[in-house]
Amino acid sequence: MTGEKEITIEQFLDVHLKAAKVISAERIKDSRKLLKLVIDLGTEERTVVAGIAETYTPDEIQGKTIIVCTNLKPAKLMGVESRGMVLAAVVDDQAIMAVFDREVPPGAVVR
């Protein structure tokens, strides 16, 4: 064990992860780390704010299918309401988004 807090499968199932297609992306004024993304979840579009601007340009991620946690409480970041969290690994202080290696429809459940 690596000292990480263990959770039950029931706790994990409380986290809703879905595939989301990035419809648009833009830098957030006065922030060097945050991008505002509009994502397609199959049944709805929503806005999420992600700390990936030091790794990706808006053009690089537009059209990508990413993984988003969709059941977090909304949070306001730099004046923009975020309704989800993009999954990413942190490598050398850079956020590297989790993406799919095959076509996945928006809204597909990730387990």
Side-chain angles (χ1 to χ4, degrees):
M1 188 156 127
T2 62
E4 296 175 344
K5 180 181 176 184
E6 293 181 336
I7 62 172
T8 66
I9 189 67
E10 290 81 13
Q11 289 170 312
F12 177 76
L13 293 174
D14 282 342
V15 178
H16 295 186
L17 302 174
K18 294 184 180 178
K21 187 158 196 148
V22 179
I23 297 169
S24 66
E26 63 184 72
R27 292 193 169 278
I28 293 180
K29 186 179 180 210
D30 298 327
S31 176
R32 58 184 179 84
K33 290 188 176 190
L34 300 177
L35 290 181
K36 174 184 168 184
L37 310 179
V38 176
I39 58 170
D40 175 7
L41 288 167
T43 58
E44 68 173 302
E45 291 180 5
R46 66 169 68 173
T47 298
V48 296
V49 176
I52 57 174
E54 292 180 318
T55 309
Y56 299 96
T57 66
D59 289 341
E60 283 180 292
I61 62 171
Q62 193 161 333
K64 288 202 182 295
T65 302
I66 60 176
I67 301 170
V68 176
C69 177
T70 60
N71 66 329
L72 289 178
K73 289 183 180 180
K76 217 166 212 177
L77 303 165
M78 300 291 291
V80 179
E81 184 177 72
S82 181
R83 295 190 49 232
M85 177 183 278
V86 174
L87 268 61
V90 178
V91 179
D92 297 327
D93 287 330
Q94 290 191 326
I96 311 297
M97 290 188 308
V99 296
F100 295 96
D101 65 354
R102 295 189 183 154
E103 212 42 52
V104 176
V109 174
V110 177
R111 297 185 195 171

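Index from 1, following the sequence. Quick caveat, the model's predicted, so the values are computed rather than measured.
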task = Evaluate side chain to side chain contact (heavy atoms under 4.5 Å, CB included) for Leu35 paired with Arg27, printing each intermediate quantity in order.
result = CA-CA 5 Å; Leu35 290 181; Arg27 292 193 169 278; 3.8 Å; yes
query = What's the spacing between Ile67 CD1 and Thr65 OG1 if we round to 0.5 Å?
reply = 10.0 Å
ask   = So, the side chain of Arg83 versus the backbone of Arg46: is there a donor-acceptor pair under 3.5 Å, distance only?
value = no
query = For the atom pair CG (Leu34) and CD (Glu54), what is the distance rounded to the nearest 0.5 Å?
reply = 9.5 Å
query = Is it true that atom CD of Gln11 has more than 12 heavy atoms of other residues, nucleotides or ligands lying nearer than 6.0 Å?
reply = yes
ask   = What is the distance from atom CD1 of Ile39 to atom CD1 of Ile61, rounded to the nearest 0.5 Å?
value = 10.5 Å
note = Shortest non-hydrogen pair, Lys64 vs Glu60, comes out as CE-O, 3.3 Å
task = Find the distance between CD (Glu45) and NZ (Lys21) and round it off to the nearest 0.5 Å.
result = 12.5 Å
key: Joint cluster assignment, Ile66 & Phe100, ILVMFWY side-chain distance < 4.5 Å   = no
Tyr56-Val48 co-clustered via ILVMFWY side chain contacts under 4.5 Å = yes
Acceptor/donor pairs from residues 87-99 side chains to any protein atom, 3.5 angstrom cut, sequence neighbours excluded:
none

note = Here the gap from Leu37 atom CG to Thr47 atom OG1, rounded to the nearest 0.5 Å, amounts to 8.5 Å
task = Please answer: with hydrophobic residues joined when any side-chain heavy atoms are less than 4.5 Å apart, are Leu41 and Val22 in the same cluster?
result = yes
request  = Write down the atom of Gly42, the atom of Asp40, and the distance for their closest heavy-atom approach.
outcome  = N-OD1, 2.7 Å
Hydrophobic cluster identity match, Val86 and Leu72, side-chain contacts under 4.5 Å = no
ask   = When rounded to the nearest 0.5 angstrom, what distance separates OG in Ser24 from CG in Asp59?
value = 11.0 Å
